[in-house]
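Have a look at the structure below, then the notes.
In what follows, chains carry the letters A, B, and so on, assigned in the order in which the sequence lines appear, proteins first and then strands, with residues in each chain numbered from 1.
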Number of protein chains: 4
Amino acid sequence: MSTSLRGGQAREDQLLSATLEVLREVGYNRLTVDAVVSRAHASKATVYRRWPSKSDLIVAAFMNATRDLPAERDTGALRGDLLGALEDLLDEMDRFGDVMMDLLGELGRNPELASTIRDGYIATRRQNLIGAFARAKDRGEIPADVDVQPLWDLAPAVIFFRRYNMGEEVDAEDVRVLVDDVVLPLAFRFSAG
Amino acid sequence: MSTSLRGGQAREDQLLSATLEVLREVGYNRLTVDAVVSRAHASKATVYRRWPSKSDLIVAAFMNATRDLPAERDTGALRGDLLGALEDLLDEMDRFGDVMMDLLGELGRNPELASTIRDGYIATRRQNLIGAFARAKDRGEIPADVDVQPLWDLAPAVIFFRRYNMGEEVDAEDVRVLVDDVVLPLAFRFSAG
Amino acid sequence: MSTSLRGGQAREDQLLSATLEVLREVGYNRLTVDAVVSRAHASKATVYRRWPSKSDLIVAAFMNATRDLPAERDTGALRGDLLGALEDLLDEMDRFGDVMMDLLGELGRNPELASTIRDGYIATRRQNLIGAFARAKDRGEIPADVDVQPLWDLAPAVIFFRRYNMGEEVDAEDVRVLVDDVVLPLAFRFSAG
Amino acid sequence: MSTSLRGGQAREDQLLSATLEVLREVGYNRLTVDAVVSRAHASKATVYRRWPSKSDLIVAAFMNATRDLPAERDTGALRGDLLGALEDLLDEMDRFGDVMMDLLGELGRNPELASTIRDGYIATRRQNLIGAFARAKDRGEIPADVDVQPLWDLAPAVIFFRRYNMGEEVDAEDVRVLVDDVVLPLAFRFSAG
DNA sequence: TCATAAGCGAGACGGTACGTCGTGTCTTACG
DNA sequence: CGTAAGACACGACGTACCGTCTCGCTTATGA
């Protein structure tokens, strides 16, 4: 019940919120620790005591904001599960789009950051998709001899590519086409197409 | 035939080469304009006269190095064309991997740079794939009612995602699986699978 | 009693000392802020936080070094007072000669600097001379109807002119001649010449 | 009668005029060769072919503008000669005041410039004063045993000091006082005062 | 009359210093 | 003790200016 602990937690949240705000406003490159510190009425020492570098701070802010996993949905059919999980992805992209783009770009420059993001963010999101395929196979929806592993990342890959590399908008209809015309036919071997 | 133009060109090339060298050695973040300038026995003014900022310089160096398009291959069959084009992509990734990763990350921060890269680099590479599908359709290899557009970026998307977002190595065998198990079945509706 | 203030003061003194050293070694024109900074094991920001430009820094270094006024001498006779004050001037010229020459030249280019130097340096030195004449008049050494004001700057003017405009050396004997043959005859109306 | 020579001469004058204009507008420090060149619609090579450095150019411009010596006046009396010569000095100060101040300051930084200015400018002006004293002595106006050499520079020294070091205005009345109350009494040993 | 050279405007260039900014460390004083 | 405030060393940035250089163009003499 110590105030200092809760205070510490609360302070941490304030710092991360301020970081996220600044991140949204000016992007990774132009974010300065001074700006964060000034917005949070904090001191640089307070920041650096917790996160040893600017990029740690930013990653922490991102991880904190995306801490809540989208709930795993079980609609009873692969199609519904996929559409649900991918819509969650789209949602998060809408809310953290530019920040994610920023961070994705940072991955190549910062291996530590990369593994944090991959293990802490991407991997957790992927679980929902892996789960969807696993349930479909358990249900017999997918033929037993189909290797689903290559299908896991198909839809996210295309969504990421279009959005982050090609700079295109991706909406629910695009996702539906992707699921119905690409992923499901491969999963079902056209038997249900 | 003017020497001045070629002289200017030559200087530019030297500067871009030096930039690329430094880029390869220390990466985007630790590249300094001073290092480039010193390697090229040039002056900062000479650099900044051409490229208004460090990132412009780096992009120019990348675009210059990847100016030469991989030749379009026509093997007479979609499979061969795809494998060829994707191997070229893999090759280029091997040669410019880290730099590309760096630049990809820059896209989200710099819209101008993004369109330069997209129009000048990605779009040109995509042409080879688009061409491969078009020829296959002309030959009747692909059923007339199959919409090939969603298939263009499928393979590159997966390759980019695995390599740049997931940090995995991608080799020729992975590409072969991708083509044989994902792209071609969709293109041929399993008829030739 | 705050250590921070003294600490700040101390740092300032170190910076100004380093500045003066470099100034002595290479002169105003070839002094670089980087050299100062490197000698003081300081950072450019630390310098520029205090003095907005290189010339401000140099002036501050000069003012700091000449902060200590030469003691006012009272020998009981005008001649002794004058010779004493002028010898002090010569001394200071020997110690800060080139720097003063440098700064003198800066006066015409920088009005703010000019008033700083005039009020903070020249005016304080002149006080000793003014005092000498005042005491002489009080003692009755100088006839009551002699206007001494034109005599105040006579000797310094000649010394400055010879040294800084004509580039000649000026020594104690020159000063003696100046006092005995020019200033005193005018002050005493030749009565005591 | 060659056009090239006259052209060369004319071009030289244009360059020096442009230099003087810029010098008047922004002063020695902020004058840039590029600004001069641009104003004269000339090329840097054209300037540097004639004057090897910026300061040479500026000195040349000054020397060119003050090429015309004030005529030596012979009023038949020392007082008139002195007042005449000093008024000429005041005139020139009015016309080239700031530039002279600038250059004077530069003397301490640039020995070559210093001797050029001293021999080419100051020395020539001093001739008029030296001549005035010589004629007065020849005429018997000044006692034969008076050493006039210390008197030569007395008035100019005071005028320079007041104007350039103290930043005061000096007008004809000041000069008159200087002559009547300082120089002439010393020259005449008060016999004519 | 023409060509060959010399001077020129334009402006790129190497170099050097400037003054600014950001990071991560560290110190001071307060609560 | 943890914190706000902010100074500090380091190092890169992008700008400005100097003095050198190269480029074509124009002009002006000498074959």
**Report entry** Stepwise side chain to side chain contact (heavy atoms under 4.5 Å, CB included) test for B:M93 and B:Y164
**Finding:** CA-CA 10 Å; B:M93 279 182 166; B:Y164 295 130; 3.5 Å; yes
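To the nearest 0.5 Å, atoms CZ (C:R67) and CG (C:L16) are separated by 8.5 Å. Distance check: B:L57 CG to B:Y48 OH gives 8.0 Å after rounding to the nearest 0.5 Å. Going from atom CD of D:Q14 over to atom OG1 of D:T19 covers 11.5 Å, rounded to the nearest 0.5 Å.
Under 4.0 angstrom from either OP1 or OP2 of F:dA4 there lies no side-chain N or O belonging to A:R49. One finds no side-chain N or O of C:R50 lying less than 4.0 angstrom from the OP1 or OP2 phosphate oxygen of E:dG19. Close to E:dC18, at under 4.0 Å from its OP1 or OP2, lies a side-chain N or O of C:K54. At the phosphate of F:dC21, neither OP1 nor OP2 sits under 4.0 Å from any side-chain N or O atom of B:R11.
The OH-C1' distance, from A:Y48 to F:dC8, rounds to 14 Å in whole Å. Atom CD of C:Q9 is separated from atom C1' of E:dT27 by 17 Å (rounded to the nearest Å). For the pair B:Q14 CD and E:dA12 P, the computed distance is 17 Å after rounding to whole Å.
Comparing B:T46 and C:P52 along DNA chain E, the residue whose closest nucleotide (by nearest heavy atom) sits nearer the 5' end is B:T46.
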Got a list of side-chain donor-acceptor pairs under 3.5 Å for residues 36-45 of chain D, not counting sequence neighbours?
| residue | atom | partner | partner atom | Å |
| --- | --- | --- | --- | --- |
| D:R39 | NH1 | D:E21 | OE1 | 2.9 |
| D:R39 | NH1 | D:E25 | OE2 | 2.9 |
| D:R39 | NH2 | D:E25 | OE1 | 2.9 |
| D:S43 | OG | D:A45 | N | 3.3 |

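Between B:F96 and B:F62, the ring planes are perpendicular. Angles over 60° get that label, and only those under 30° would be called parallel.
Near-neighbour residues of DNA chain F inside residues 21-45 of chain C, defined by a heavy atom below 4.0 Å, number-ordered: C:H41, C:A42, C:S43.
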